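These numbers were taken from a predicted model, which means no experiment stands behind them.
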Amino acid sequence: MLQKMTGEPEDRETICDSLSSLVEGCRLPVKMRNSDDWPLAEVISIRDGEGMKYFYVHYIDFNKRLDEWVSEDRLDTRKVQFPRKDGGSSQSGLQTPNRRVETEPSRPETPPNTPGELVNGNAVLAAALNKKLTRKRKMPSIEAETAPEVPVAPIIGSGALVTSEPGKRTSGSLVTHHHDDVVTRMKNIEMIELGHKRIRPWYFSPYPQELVNLTCIYICEFCLKYRKSRKCLERHLKKCNLRHPPGNEIYRKGVISFFEIDGRKNKAYAQNLCLLAKLFLDHKTLYYDTDPFLFYVMTQYDARGFHIVGYFSKEKESTEDYNVACILTMPPYQRKGYGKLLIEFSYELSKFEGKTGSPEKPLSDLGLLSYRSYWAQTILDILVTQNPTADNEKPQITINEICEMTSIKKEDVISTLQNLNLINYYKGQYIITISQEMVQNHLAAMEKRSLRIDSKCLHWTPKDWSKRAKCVHSVVGKNLNIK
């Protein structure tokens, strides 16, 4: 082995003439699948097979969904970074550095001497804009403030999306795992077959160990039970009576339906849904307390039944007005407008409840992009169609009125207006300025958005879960007193 000293012995970069010297935690250039690029990658695990070594690698600064097993010929051993012997973070390979940015709208404090007076008296907006002006004076990168986290999960899973940062709120059925856990850092399922579709998973999911080494696991697309072979699945399908998710169908328009599933009443289905969703979620570990959650499953109907397209979950009781805990569009249906349809449906439920809502934060990269796009289109649609109250006057609307019309939470409305650069300070007040080009682009985008929620097709009555919980406790207490 030839080596070039660059400092202390622990920090050396080496040229390897033997792959046997590579260990877990090494970093070196690796050729990506279906690409001519050779980005820096970290070796997570090593295994022997068919007379050669295979290396499970994570591409630094890329999403973990691209992690994969590679053969020896895809490694560039001319420049290898070995882990530090003292376990230091630099080149240790134990933790991949994340370029973290804030993905949720900040909750600004009201600064002193805020210039002007908002037309709707909204001090929160004034504070947010004043903070924006302060940031501009310091000349930071706007993209750095608004870009999604890299690398992060595509939103969306069972129960609650929680953060790995200390001090953040966590809720029920998803909990964080440590990045140092090699097992959960590696994809453990090679392929799943769901109905007529074969899907390559993105991340680890805690399916039973006996299924992990199989080439493919077979999942019933109606009850979501998993089987180890197609023959086992065929036997199951002869006995499975479901042709749609369990629960109540609360929406149908054309071939699109939504089913509401109670995580307590349909625990087995909810748990299987969690396992399936975890295949496309990062940085989360499941456990099986689905009781506090409702699951809204979107399906597409054909002659064989109702096929799952995506879903979102929400807490039955959310103290912070979250209307979505996690949300997922299955990979075969992504980039077709179903994600926005799920988001629109969650806000339609909030309208029926008479509340404003917001998804749990932080959002993932794909989730943040989907929500920002939905917020922008929804708010622009209101602003573009707003009519003046009198002749020779410009249309007027307040932030609170936008919130009431859309059920989007105030902080999300403000952050969207900021990201679109629509708010300007002019002659002592804040005004919204929309260019003709933006109007044309918005109208063109809305014409392409064929999938929309029709509120007339929603048949649903909100439940007061706080009262139901008190009733359950009361009944339990009475039962305990029976002699």
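- Taking 4.5 Å as the limit, some side-chain heavy atom of Ile343 sits within range of a side-chain heavy atom of Ser370.
- Two residues are said to be in side-chain contact when any heavy atoms from C-beta on lie closer than 4.5 Å; Leu458 and Phe345 meet this criterion.
- Remark: Asp289 does not engage Arg264 in a salt bridge, criterion side-chain N to carboxylate O under 4.0 Å.
- Not less than 6.0 angstrom separates the ring centroid of Tyr311 from the ring centroid of Tyr296.
- Here the CG-CG distance, from Leu224 to Leu194, works out to 7.0 Å after rounding to the nearest 0.5 Å.
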Start with the C-alpha distance between Glu447 and His442, add both sets of side-chain angles, then the distance that settles side-chain contact (heavy atoms from CB on, under 4.5 Å), and finish with yes or no.
CA-CA 9 Å; Glu447 285 182 6; His442 168 71; over 6 Å; no

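- Checked for salt-bridge contact, Glu404 and Lys410 miss the test: no charged N lies under 4.0 Å from a carboxylate O.
- A side-chain donor from one of Glu249 and Ser257 sits under 3.5 Å from a side-chain acceptor of the other.
- Using a 4.0 Å cut-off between a side-chain N of Lys or Arg and a carboxylate O of Asp or Glu, Arg243 and Glu221 do not qualify as a salt bridge.
- The distance from atom OH of Tyr251 to atom CE of Met298, rounded to the nearest 0.5 Å, is 10.5 Å.
- The backbone N or O of Ala41 sits nowhere less than 3.5 Å from a side-chain atom of Arg27 that would complete a donor-acceptor pair.
- Between the side chains of Ser373 and Lys340, at least one donor-acceptor pair of N or O atoms lies under 3.5 Å.
- Separating the CD1 atom in Ile189 from the OG atom in Ser205 is a distance of 7.0 Å, to the nearest 0.5 Å.
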Using the side-chain contact (heavy atoms from CB on, under 4.5 Å) rule, take Gln81 and Leu28 through it: C-alpha gap first, then chi angles, then the decisive distance, then the call.
CA-CA 6 Å; Gln81 301 173 8; Leu28 72 166; over 6 Å; no

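- Within the 3.5 Å criterion, the main-chain N or O of Gly263 finds a donor-acceptor partner in the side chain of Thr290.
- A ring-centre distance under 6.0 Å is not found for Tyr301 and His307.
- Remark: side-chain polar atoms of Asp412 are not paired, donor with acceptor, to backbone N or O of Trp375 under 3.5 angstrom.
- Residues Thr433 and Ile431 meet the side-chain proximity criterion, which asks for heavy atoms closer than 4.5 Å.
- One finds the CD1 atom of Ile219 at 6.5 Å from the CG atom of Leu279 (value rounded to the nearest 0.5 Å).
- Here CG of Leu328 is found 14.5 Å from OH of Tyr338. Values are rounded to the nearest 0.5 Å.
- Summarising the geometry of Thr329 relative to Gln334, their closest heavy-atom pair is O-NE2, 2.9 Å, with the distance given to 0.1 Å.
- A distance below 6.0 Å separates the ring centres of Tyr207 and Tyr226.
- Annotation for Pro246 and Leu242: closest pair CD-CD1, 4.2 Å, computed over non-hydrogen atoms.
- Of the possible donor and acceptor atoms, one in the side chain of Asn272 sits under 3.5 Å from a partner among the backbone N and O of Ala268.
- The shortest distance between side-chain heavy atoms of Glu260 and Lys463 falls below 4.5 Å.
- The closest side-chain heavy-atom distance from Ile308 to Pro245 is not below 4.5 Å.
- Side-chain atoms of Asp302 come within 3.5 Å of backbone atoms of Gly305 as a donor-acceptor pair (strictly under, hydrogens ignored).
- Residues Lys278 and Tyr203 form a side-chain contact, since some pair of their non-hydrogen atoms from C-beta on lies under 4.5 Å apart.
- Distance alone, capped at 3.5 Å, is enough to place a donor-acceptor pair between the Glu401 side chain and the Thr398 backbone.
- No more than 12 heavy atoms of other residues, nucleotides or ligands shown are found within 6.0 angstrom of NZ on Lys225.
- Looking at Asn248, its side chain never comes within 3.5 Å of a backbone N or O of Ile250 through a donor-acceptor pair.
- Not a single donor-acceptor pair under 3.5 Å links the side chain of Ser318 to the backbone N or O of Glu315.
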side-chain contact (heavy atoms from CB on, under 4.5 Å) for Val297 and Phe258? Distances and angles first, verdict last.
CA-CA 5 Å; Val297 179; Phe258 279 85; over 6 Å; no

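- In this structure, Phe259 has its ring center closer than 6.0 angstrom to the ring center of His244.
- Residue Ser35 holds its OG atom at 10.0 Å from CG of Leu66, rounded to the nearest 0.5 Å.
- Taking 4.5 Å as the limit, some side-chain heavy atom of Lys355 sits within range of a side-chain heavy atom of Glu353.
- Remark: of the listed residues Arg33, His58, Lys187, Arg200, Arg33 is the sole one forming a side-chain hydrogen bond (donor to acceptor under 3.5 Å, both in side chains) with Glu68.
- Taking a cutoff of 4.0 Å between a charged side-chain nitrogen and a carboxylate oxygen, Asp262 and Lys316 qualify as a salt bridge.
- Here the shortest heavy-atom pairing between Trp38 and Arg74 reads CZ3-O, 3.3 Å.
- Across every non-hydrogen atom of Cys403 and Val413, the tightest pair is SG-CG2, 3.9 Å.
- Without hydrogens or angle criteria, Glu344 side chain to Arg452 main chain gives no donor-acceptor distance under 3.5 Å.
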Step by step, work out the side-chain contact (heavy atoms from CB on, under 4.5 Å) result for Phe280 and Ile199.
CA-CA 10 Å; Phe280 310 101; Ile199 310 171; 3.7 Å; yes

Determine, step by step, whether Tyr59 and Asp37 satisfy the side-chain hydrogen bond (donor to acceptor under 3.5 Å, both in side chains) criterion, reporting the C-alpha distance in whole Å, the side-chain angles of both residues, the deciding distance to 0.1 Å, and the verdict.
CA-CA 11 Å; Tyr59 298 101; Asp37 296 331; over 6 Å; no

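- The closest donor-acceptor contact from the side chain of Asn419 to the backbone of Ser415 lies under 3.5 Å.
- Scanning for salt bridge (Lys or Arg N to Asp or Glu O under 4.0 Å) contacts around Glu193 gives Arg198, Arg230, with sequence neighbours left out.
- The shortest heavy-atom contact between Gly357 and Tyr347 is O-CE2, 3.3 Å.
- Here the closest heavy-atom approach between residue Pro201 and residue Glu190 is recorded as CD-O, 3.4 Å.
- Side-chain contact check for Ser358 versus Asp321: every heavy-atom pair is 4.5 Å or farther apart.
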